[in-house]
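So the structure is just underneath, and the comments pick up after that.
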Amino acid sequence: MENSEIRELQEAILRLKEEKKAIILAHYYQRPEVQDIADFVGDSLELSRMAASAPHPMILFCGVTFMAEIAKTLSPTKTVLTPYPGAGCILADMALPEEIQEARALHPGASVVAYVNTHARVKALADIICTSANAREVMEKTPGEEIIFLPDRNLGAYHARSLKNKKVILWDGYCPVHQSITTESIERVREKHPQALVVVHPECPPEVTERADFVGSTSQLVGFIANSREKSFIVGTEEGTLHQMAKKAPDKELLLPDPVPTCHQMKMITLERVHKALREEVYKVEVEEGIRIQAEKAIRRMLELK
Ligand code: SF4
């Protein structure tokens, strides 16, 4: 699409947004042109808080479907739209409700901590939810000595290393985008930029997080780079994050591993689909009420964590 066509479509979306009194929320991994029409761009924790507090009657959620489900779970009376219901998350698909029940039966004393990247019907079976920004705090404050952490084994293992007095049972799930970030894919770039600091997301494999200069959630990576005195960074997370990083730290050199980590599910949200969603008020996100009530309890326990 030409730049002028992109701008035209963006303006049409913004007009519709005003007309419908909608708020547009977008995840960091969205396409840059989609991030640019959002009222708020953030990671899962920030977006959950925003979805819970926004006074707008309509929320258009630009992200994968479990994220739009969270908005609906926390704001059941609002219309929540997803521009494309086919935008799923491969990591979320790695934990099924019947598997959680089996795991609970195997470890009856354990609490279930579910990463936000899960379906609502899985959140409904969890004791508490966490995001990559607060996973350690949630695990630490969860009562009891045994925790089943699902579904991302890398994130769970990263925090379990520094947790005392907790036995963490790891699920065997992973995000294929972050799993594809390897020491080799980082070294390929570092050979040409030996001065660059390596900052990575905790969903990356252990051998990557162990060697990184900084490990943090998407927002923590953005903040670290913006506040750092260093000038050059190899960023080990999904490429869309660089759009906000470049805005917040325009003087920094931002590099990606080779090959570039891209989430094709996130990229299924296009401006055309956002426009259609607002114009036709599709696709409405619904969560069955019994599941919603249980999932909301688990999410609110996280949001209210002191
Ligand atoms: S980056 Fe990974 S965890 Fe995030 S939506 Fe894509 S597949 Fe799911």
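Values below: every heavy atom of this structure, side chains too, minus hydrogens, waters and symmetry copies. Residues: numbered from 1 along the sequence shown. Model, not experiment: these values are computed from the prediction. Atoms within a ligand are numbered from 1 in the order they appear, just like the ligands themselves.
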Legend entry - Neighbouring protein N, O or S atoms of atom 2 (Fe) of ligand 1, below 2.8 Å: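 If we list every protein N, O or S atom nearer than 2.8 Å to atom 2 (Fe) of ligand 1, we get 1.
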Inset, instruction - Would you give the length of the straight line joining atom CD of Glu69 to atom CZ of Phe61, rounded to the nearest 0.5 angstrom? - result: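 The distance works out to 11.0 Å.
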Legend entry - Side chains of Asp93 and His119 in contact at under 4.5 Å (non-hydrogen atoms):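 SC-SC contact between Asp93 and His119 confirmed.
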Legend entry - Closest approach of Ala126 to Ala114 (non-hydrogen atoms, all atoms of both residues):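 Heavy atoms only, the tightest pair is CB-CB, 3.7 Å.
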Inset, instruction - Check ligand 1 against Tyr29 and write out every atom of the ligand that is under 4.0 Å from a heavy-atom position of the residue. - result: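 In order of number, 1 (S), 4 (Fe).
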Inset, instruction - Check whether Leu60 and Leu271 end up in the same hydrophobic cluster, where Ile, Leu, Val, Met, Phe, Trp and Tyr are linked by side-chain heavy atoms less than 4.5 Å apart. - result: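 Same cluster: Leu60 reaches Leu271 through Ile, Leu, Val, Met, Phe, Trp or Tyr contacts under 4.5 Å.
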Please output the side-chain donor-acceptor pairs of residues 219-228 that fall under 3.5 Å, not counting sequence neighbours, one pair per line with the distance.
| unit_1 | atom_1 | unit_2 | atom_2 | d |
| --- | --- | --- | --- | --- |
| Ser219 | OG | Asp43 | OD2 | 2.9 |
| Ser219 | OG | Glu46 | OE1 | 2.9 |
| Ser219 | OG | Glu46 | OE2 | 3.0 |
| Gln220 | OE1 | Ser217 | N | 2.8 |
| Gln220 | OE1 | Ser217 | OG | 3.3 |
| Gln220 | NE2 | Ala133 | O | 3.4 |
| Asn227 | ND2 | Gly223 | O | 3.0 |
| Ser228 | OG | Glu230 | N | 3.0 |

Inset, instruction - Verify whether one side chain among Glu296 and Thr73 offers a donor that lies under 3.5 Å from an acceptor in the other. - result: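 No pair is found: no donor N or O on one side chain lies under 3.5 Å from an acceptor on the other.
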